[in-house]
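What you see is a predicted model, and the numbers here were worked out from it, not measured in a lab. Each chain gets a letter, A, B and so on, in the order its sequence line appears, and its residues count up from 1.
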Amino acid sequence: MALALEMKGITKYFSSTDVQANDNVNLTVEAGEVLALVGENGAGKTTLMNILYGLIKPDSGEIFINGEKVQIGHPDDAIKNGIGMVHQHFKLVPSFTVAQNIILGMEPNKAGFLSPKEENKVVKELADKFNLPVDPKAQIRDLPVGMQQRVEILKVLLREAKILILDEPTAVLTPQEVKELMDVVRQLAKMGYSVIFITHKLIEVMEVADKVSVMRAGKNVGNKKVSDTNIPDLARMMVGREVLLRVKKDTIQRGKPVFEAKDVSVSDVHGLAAISHVSFNVHEGEIVGLAGVSGNGQTELVEVISGMRPLDGGNLYLNEQDITQANVRDRRNAGVAHIPEDRMEVGLNLQTNLDENLIISRYNQSEFSKFGFLLGKSISRFAETVVKSFSIAAAKPGEDISMLSGGNLQKVVVGRELSGQPSFIIANQPTRGLDVGSIEFVHKTLIEERDRGAGVLLVSVELEEIMALADRILVLFRGQIQGELDAKTATEEEVGILMAGGKLSDLQTNQAKSGKESK
Amino acid sequence: MTGFFSVFTVELLNSGIRLATPVILAALGGALCNKAGVLNLALESMMLMGAFVGIVSAYFVGNSYIGLLIAMASGGLLGLVFAFLYHKYDVDLVILAIAFNLIIQELTVYVMRVMFGNVGSWSDPSINRIPDIEIPLIKDIPVLGNILSGYNIIVYFSWAVTIVMYLVLYKMKFGRHIRAVGENREAAETVGINAVRIQTMALIISGVLSALGGAFLSIGHLKLFTRNMSNGRGWTAVAAALFGANHPIGTALASLFFGLTEAFAVRIQNVTDLPPNLVELLPNFATLIVLIFIALREKLRENNARRRFRAELRAEEQQKAAS
Ligand SMILES: Nc1ncnc2c1ncn2[C@@H]1O[C@H](COP(=O)(O)OP(=O)(O)O)[C@@H](O)[C@H]1O
Ligand SMILES: [Mg+2]
């Protein structure tokens, strides 16, 4: 049987950024097969898929569907050839219902008038056929991300795609949702669909894929059967060197408490409790991991601690000083650093250059400004040292940062926040969307800060990350601390059960501590 | 006494509805553009264009109805040019609108002066005002007949547009595509909907409607063109669309509110000793208050929610302390 899809010698050069995004890339997929496409940020995965979907024109290369050569110049051509793409950022209309979104652009109608009944029926049948239950009448904006993604998949299936491209589908999902997605993907493969699954989480490759293609700097550096490879092997191919998937961490003696939250309560916009009666502390030389499924109050808690949101009850202390009423600047001056979860919107100003982004938290210190005028020279000097010590690749002081990759953007944030020797660091999802190499860097840096004596509050929905870095684990559930665990003895099961709102006593005591094995 | 009062209110309603008509038309156009995700702050210029072109073509053609049609065409053309500059050259929407508003204001005065030698205003006895029409049957209903009947065709048309726009936006495929483009343009484009075409059509329709509203001023309500005749009604329309949450019915009702305020201001000048200049400001005040209310609506709701939450927390604490 002919291959469902073959891409041959795909080459694409972007003159605007001077990047060879795809360099003679070959890729094949059979029907009923899941192909994982892996590579670091900027390796060219999305570009390759955009070419396949007709969003970008390649400089050269050929595409064959079921053995026949095809020309794809526009997404319509791709759809006609049975190719469907679920984009990294969903393309849904929030106020529309599930059915309205799935059927958008191909609504059944009589003289232009719509029939909601007919629409819901079509969608219901589609959902049943693929065993992907959805509520056709639910509004998209009320649905969790995992459900929205399901809607995107159904949208593609309604257009009769046989080859599905999923671009980093797991980046935004909770662990539970990831599991469900994996099942969906396996099921589609069983039904004869081909799935191209883009990710940079290698554990997912091992779980879901039959075959894996690795890209590095625009080149296809390996095609393997998943059964013939392993995670360290793939990581080496992706990064081009040995990487530590789990950074080394010595046990050190923690010092006195540096930060304390006492009985903190915060309301959301509707006047309901987002955080209620939360108390905990962070010591010097300690990483406290705040685990939890996203949406359980992490965002609100971090905003309160960093001073971006007023709290409604309770107190905050930094080095025994009450900072409950202190504003963001005062807190920063007192030694708080904050790596926010959204580097594009909150962490950085993408409209300006590297220098300004690096001094934005300290521009009014006498070192960088006098009488309201910025001191260009000392700012550049400072920028240079940060670029060097945090090895921010491809960035030159004075240059715009909007073209930097995700990993390097995060290094800019980390560099700015950690270069003032803070005593307390809030790291909110510090590795979200980063590739293996950058994750390694961020993890190492956080541990170095701990070893230096800083207290670190690490907020993460990635269980792996919490297990790898934390000395002590707190689990947040519905705005409350569901439990506290010593990281030395905690198992993934224990954290998992707390994250789901359960109690430790629910776990059977005879269960082996199997989740703690290290790869 | 009661008889006098009923006449008074019906008349107030009559003139409120008349004064609301140009605002309704422009506001519906503005709401449609908002729904399609393309901010149209050039309603004022489109209205002024319609007022001028309407009366001038009525004068030359000798038929005011044809004057209306030509005015609508001129507004549509303005919308098309607006869309072209926006889509082709990516001009900022606000800058584009400011340019349109300034240019049309100066252009109408200039052309008026060149053609008729007047600076402030112009009229001609040969021009006919669009006649009022009584609706058979409805006009005989007591009280309601007087409220609903006796206007010119533009007024009835504005009501029809309100309903048609509602049906199109919420019951028809085309309208759903408009809303999809407005809310998430990429979502619409990836399923093959032509966003540029939809936004262009919305801008053209808003031009047609606003210009008709303008023509209502010059040949529907009066038979006269004065410089800057739209006099901020295009901006009132922007506020009405906001106030009505871009829903056609809500937008029409918001416009009616503004029309009634204006009518009230006119009436009150006859019965009070307040300085007329001050009373004339009343509609502007109403707009201002509505805009402030719109801006603060969300904030106020959040603040109330927070206050409630804090009170609950305190009550909880006191209870704990007591026990
Ligand atoms: N439209 C574009 N114009 C210019 N450069 C681009 C464009 N799209 C991607 N690139 C560049 O091409 C490279 C590959 O990007 P991409 O395919 O998005 O990588 P990946 O999806 O593997 O993270 C990056 O260096 C990126 O900056
Ligand atoms: Mg990508």
Side-chain angles (χ1 to χ4, degrees), chain A residues 53-55 74-76 78-80 84-87 89-97 100-116 119 140-141 148 151-152 155-156 158-159 263-277 309-314, chain B residues 34-37 163-198 201 245-247 296-321:
Chain A
Y53 195 61
L55 290 166
H74 191 268
D76 290 346
I79 293 167
K80 256 182 242 132
M85 183 157 176
V86 174
H87 299 268
H89 305 282
F90 300 155
K91 306 209 184 291
L92 297 169
V93 184
S95 79
F96 282 19
T97 66
Q100 289 169 352
N101 267 288
I102 291 175
I103 217 152
L104 185 64
M106 45 194 294
E107 294 89 348
N109 64 90
K110 280 203 184 72
F113 279 91
L114 299 161
S115 160
E119 288 169 2
I140 290 294
R141 66 161 141 246
Q148 295 185 12
V151 172
E152 283 280 28
K155 210 162 119 184
V156 168
L158 183 67
R159 285 158 179 79
D263 201 30
V264 170
S265 295
V266 182
S267 71
D268 65 8
V269 288
H270 306 293
L272 304 171
I275 292 289
S276 88
H277 305 292
R309 178 195 278 259
L311 49 62
D312 296 303
Chain B
N34 290 342
K35 278 285 180 201
I163 292 160
V164 169
M165 197 177 285
Y166 167 73
L167 291 176
V168 170
L169 276 177
Y170 294 97
K171 303 287 173 200
M172 294 189 72
K173 183 169 169 169
F174 178 58
R176 182 171 300 160
H177 290 186
I178 292 177
R179 290 189 291 133
V181 168
E183 226 180 294
N184 188 344
R185 181 175 171 154
E186 285 193 347
E189 284 181 329
T190 47
V191 296
I193 295 170
N194 188 336
V196 170
R197 202 183 113 231
I198 281 189
M201 289 178 74
N246 298 319
H247 190 289
L296 290 183
R297 199 160 37 182
E298 200 60 23
K299 199 89 211 133
L300 287 175
R301 199 175 311 152
E302 275 176 32
N303 280 353
N304 276 338
R306 162 154 277 157
R307 207 167 306 135
R308 228 176 23 246
F309 181 77
R310 287 190 178 176
E312 278 165 25
L313 263 188
R314 264 197 305 278
E316 214 176 284
E317 260 163 40
Q318 273 161 10
Q319 221 166 31
K320 219 185 280 165

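Closest heavy-atom contact between A:A111 and B:M172: O-CE, 3.8 Å.
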Steps toward side-chain contact (heavy atoms from CB on, under 4.5 Å) verdict (A:V93, A:Q100): CA-CA 9 Å; A:V93 184; A:Q100 289 169 352; over 6 Å; no
side-chain contact (heavy atoms from CB on, under 4.5 Å) evaluation trace for A:L158 with A:M106: CA-CA 10 Å; A:L158 183 67; A:M106 45 194 294; 4.1 Å; yes
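With a 4.5 angstrom heavy-atom cutoff, A:L104 touches chain B via backbone and side-chain atoms both. For A:I103, the part lying near chain B is the side chain, with the backbone staying farther off; criterion is any non-hydrogen pair under 4.5 Å. Residue contact with chain A, scored on non-hydrogen atoms closer than 4.5 Å, involves the backbone and the side chain of B:R179 alike. For B:E189, no part sits under 4.5 Å from any heavy atom of chain A, backbone or side chain. Using a 4.5 Å cut-off between heavy atoms, A:E152 makes no contact with chain B at all. B:R176 touches chain A through backbone and side chain together, each having a heavy atom under 4.5 Å away. With a threshold of 4.5 angstrom between heavy atoms, A:L55 does not approach chain B through any atom at all. Residue A:P108: no heavy atom, backbone or side chain, is found under 4.5 Å from chain B.
Ranked by heavy-atom pairs under 4.5 Å with chain B, the list A:A273, A:P75, A:G313 is led by A:A273. The greatest number of non-hydrogen atom pairs below 4.5 Å with chain B, out of A:H277, A:K110, A:H74, is found for A:H277. Contact tally against chain A (heavy-atom pairs below 4.5 Å) for B:V168, B:L167, B:I193: the top residue is B:I193. Of the residues considered (B:R185, B:H177, B:E298), B:H177 shows the highest number of contacts with chain A, using heavy-atom pairs under 4.5 Å.
The aromatic rings of A:H87 and A:Y53 lie perpendicular to each other, with more than 60° between the two planes, well past the 30° mark.
With 3.5 Å as the limit, one finds no donor-acceptor pair spanning the side chains of A:S265 and A:D312.
In this structure, B:E317 does not pair ionically with B:R314, as no charged nitrogen and carboxylate oxygen lie closer than 4.0 Å.
Under a cut-off of 6.0 angstrom, the local environment of CZ in B:R197 is sparse, with at most 12 non-hydrogen atoms contributed by other residues, nucleotides or ligands.
In this structure the side chain of A:R159 reaches within 4.5 angstrom of the side chain of B:V191, judged on heavy atoms.
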